[in-house]
Trainee: 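Let me give you the structure first, and then I'll get to my questions.
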Amino acid sequence: MAKPRTPKGRAREVARRLAEVYPDAHCELDHANPYELLVATILSAQSTDANVNKVTPALFARYPAPEDLAHADPAEVEQLVFTTGFYKAKTRSLLGMANRLVEEYGGVVPGPIEDLVSLPGVGRKTANVVRSVALGLPGFAVDTHVQRLTQRLGITTETDPVAIEREVNAMVPPADLGPLGLRLILHGRRVCTARKPKCAECSLEDICPASLLPTRRPKQA
DNA sequence: ATCCCGAGGG
DNA sequence: CCCTCTGGAT
């Protein structure tokens with residue numbers, strides 16, 4: 001296959017190749033429904049999925065539904081989520097989110113991105129994770145990995161996460177957005193790391209403008 | 001030390 | 001735009 005010449009071509013080629021490298025990429029936050037994923041994703045900020053999965057079983061057992069969390073004792077929630085870090089802020093977000101969910105949305109996690117983002121503690125990244133993983137809706141979550149990789153791969157020249165999200169949304173079929181995001185994150189963690197990226201091990205190296213390998217680097221100084 | 005799929009506030 | 005919130009793993 002010839003090298004893609006346009007950002008859109010790059011995006012699609014990257015999506016195609018990563019699907020081969022990471023065929024079974026999936027969200028690693030344990031959850032049984034959209035409410036649980038919303039809670040888990042709020043807790044995942046600056047915390048590993050494994051760490052979040054340690055606290056959510058007790059949390060979901062104690063507060064099975066938004067109604068339960070909405071009336072929870074903050075001190076008790078703080079204890080349950082303590083080890084995920086940012087525990088005071090996250091507790092505030094969880095209680096605020098649950099209250100708004102009950103008051104405005106009948107205890108049902110809404111689908112529209114603007115509705116999700118209006119919930120306390122829910123930004124675009126969290127909203128898109130919930131959309132694509134739990135609601136079956138199109139969603140491209142731009143976190144630090146996705147931001148870095150889309151830039152390095154020449155898929156976008158934007159730096160603003162919202163702009164990146166908008167551009168990629170226009171380049172990739174809606175149903176592919178969620179899986180592509182998951183795979184970019186996996187690739188960013190394992191290969192295309194922020195510092196010392198492992199270009200020699202990268203399956204995208206030959207089409208990457210940022211490759212550090214001298215033999216392939218397109219623009220040498 | 002540095003990283004982990006961020007969000008809100010000033 | 002920057003700063004802050006925060007604990008665990010490596």
Side-chain angles (χ1 to χ4, degrees), chain A residues 14-15 18 21-22 24-31 34 36-59 74-75 77-101 113-135 137-153 155-156 158-165 168-169 176-198:
Chain A
V14 166
L18 290 184
V21 181
Y22 310 109
D24 55 357
H26 62 282
C27 176
E28 292 175 25
L29 293 170
D30 294 339
H31 63 282
E36 290 190 358
L37 181 61
L38 187 49
V39 170
T41 309
I42 287 174
L43 292 178
S44 75
Q46 292 303 105
S47 180
T48 60
D49 291 351
N51 256 337
V52 173
N53 291 338
K54 284 180 194 166
V55 309
T56 46
L59 199 59
V77 175
E78 285 184 4
Q79 282 192 327
L80 287 169
V81 307
F82 178 78
T83 56
T84 66
F86 297 160
Y87 65 97
K88 287 183 183 174
K90 286 176 180 177
T91 296
R92 265 196 304 278
S93 294
L94 289 178
L95 295 193
M97 175 276 284
N99 271 289
R100 181 79 61 79
L101 216 47
I113 192 108
E114 321 84 61
D115 292 345
L116 285 165
V117 167
S118 78
L119 302 170
V122 179
R124 295 194 75 85
K125 182 259 169 179
T126 299
N128 278 307
V129 167
V130 170
R131 277 175 60 87
S132 61
V133 175
L135 299 178
L137 297 170
F140 190 69
V142 181
D143 70 350
T144 150
H145 294 295
V146 172
Q147 185 175 22
R148 181 178 70 253
L149 267 68
T150 50
Q151 287 171 352
R152 283 183 178 169
L153 289 164
I155 291 172
T156 185
E158 298 284 350
T159 57
D160 173 30
V162 180
I164 295 174
E165 180 189 327
V168 175
N169 263 283
D176 295 345
L177 290 169
L180 174 60
L182 263 348
R183 287 167 181 145
L184 284 170
I185 289 160
L186 262 185
H187 195 63
R189 292 209 296 229
R190 298 179 183 175
V191 180
C192 193
T193 49
R195 312 186 182 185
K196 293 190 192 176
K198 302 172 179 62

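A note on names: the letters A, B, ... follow the listed sequences, proteins ahead of strands, and every chain is numbered from 1.
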Trainee: Using whole Å, what does the distance between atom C1' of nucleotide B/dC3 and atom CZ of A/Arg148 come to?
Mentor: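 Those two atoms, CZ and C1', are 11 Å apart.
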Trainee: Using a 4.0 Å heavy-atom cut-off, does A/Thr144 contact any base of the nucleic acid, only the sugar-phosphate backbone, or nothing at all?
Mentor: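 Sugar-phosphate, backbone atoms only, no base.
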Trainee: With a cut-off of less than 4.0 Å, is there a side-chain N or O of A/Thr41 near OP1 or OP2 of B/dG6?
Mentor: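 So the side-chain polar atoms of A/Thr41 never come under 4.0 Å of the phosphate oxygens OP1 or OP2 of B/dG6.
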Trainee: What heavy-atom pair brings A/Met97 and A/Pro120 nearest, and what distance separates the two atoms?
Mentor: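 Looks like CB-O, 3.6 Å.
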Trainee: Enumerate, atom names and distances included, each donor-acceptor pair closer than 3.5 Å involving a side-chain atom of residues 139-146 of chain A, sequence neighbours excluded.
Mentor:
unit_1   : atom_1 : unit_2   : atom_2 : d
A/Asp143 : OD1    : A/His145 : N      : 3.0
A/Asp143 : OD1    : A/Val146 : N      : 2.8
A/His145 : ND1    : A/Arg148 : NH2    : 3.0

Trainee: Please find the earliest and latest nucleotides of DNA chain C, in the 5' to 3' direction, that have an atom within less than 4.0 Å of any heavy atom of chain A.
Mentor: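 Contacts span C/dC5 to C/dA9, reading 5' to 3'.
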Trainee: Taking all non-hydrogen atoms of both residues into account, name the closest pair between A/Leu37 and A/Val129 and its distance.
Mentor: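 Scanning both residues completely, I find the closest heavy atoms to be CD2-O, 4.0 Å.
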Trainee: Residues two or more places apart in sequence or in another chain: which of them pass salt bridge (charged side-chain N to carboxylate O under 4.0 Å, His left out) with A/Arg124?
Mentor: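 With neighbours one apart ignored, the set is A/Glu165.
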Trainee: Applying salt bridge (charged side-chain N to carboxylate O under 4.0 Å, His left out), which residue pairs with at least one partner in residues 77-99 of chain A are found, sequence neighbours left out?
Mentor: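 Checked against salt bridge (charged side-chain N to carboxylate O under 4.0 Å, His left out) - neighbours excluded - no pair reaches residues 77-99 of chain A.
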Trainee: Would you mind reading off the distance between A/Met97 atom CE and B/dG6 atom C1', rounded to a whole angstrom?
Mentor: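 Spelled out: CE on A/Met97 to C1' on B/dG6 is 15 Å.
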Trainee: Within this structure, what is the CG-to-P distance between A/Leu43 and B/dA7, rounded to whole angstrom?
Mentor: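 So the CG-P distance, A/Leu43 to B/dA7, works out to 12 Å.
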Trainee: Rounded to the nearest Å, what distance is computed from the CG atom of residue A/Asn51 to the C1' atom of nucleotide B/dG6?
Mentor: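 In whole Å, B/dG6 C1' lies 16 Å from A/Asn51 CG.
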Trainee: Taking CG from A/Leu94 and P from B/dG6, how many angstroms apart are they, rounded to a whole number?
Mentor: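 Value for this atom pair: 16 Å.
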Trainee: At a heavy-atom distance below 4.0 Å, what parts of residues 79-92 of chain A sit against DNA chain C?
Mentor: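 Correct list: A/Phe82, A/Thr83, A/Gly85, A/Phe86, A/Tyr87, A/Lys88, A/Ala89.
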Trainee: Need one value for A/Ser93: base, sugar-phosphate or nothing, where a base atom within 4.0 Å counts as base even if backbone is also close, heavy atoms only.
Mentor: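 Here A/Ser93 touches no strand at all.
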Trainee: Atom NZ of A/Lys125 and atom C1' of B/dC4: how far apart are they, to the nearest Å?
Mentor: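 A/Lys125 atom NZ is separated from B/dC4 atom C1' by 10 Å.
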Trainee: Of all of residues 179-189 of chain A, which get a heavy atom below 4.0 angstrom from DNA chain B, listed by number?
Mentor: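 By residue number: A/Leu182, A/Ile185, A/Arg189.
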Trainee: Which pair of heavy atoms, one from A/Ala127 and one from A/Ile113, lies closest together, and at what distance?
Mentor: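 In terms of heavy atoms, the two residues are closest at CB-CD1, 3.9 Å.
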Trainee: For A/Arg131 and B/dC5, what is the distance between atoms CZ and C1' respectively, to the nearest whole Å?
Mentor: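 Rounding to the nearest Å, CZ of A/Arg131 and C1' of B/dC5 are 18 Å apart.
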Trainee: Of the listed nucleotides (B/dC3, B/dA7, B/dC5), which one gets closest to any side-chain atom of A/Val129?
Mentor: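 Taking heavy atoms from C-beta onward, the closest nucleotide is B/dC5.
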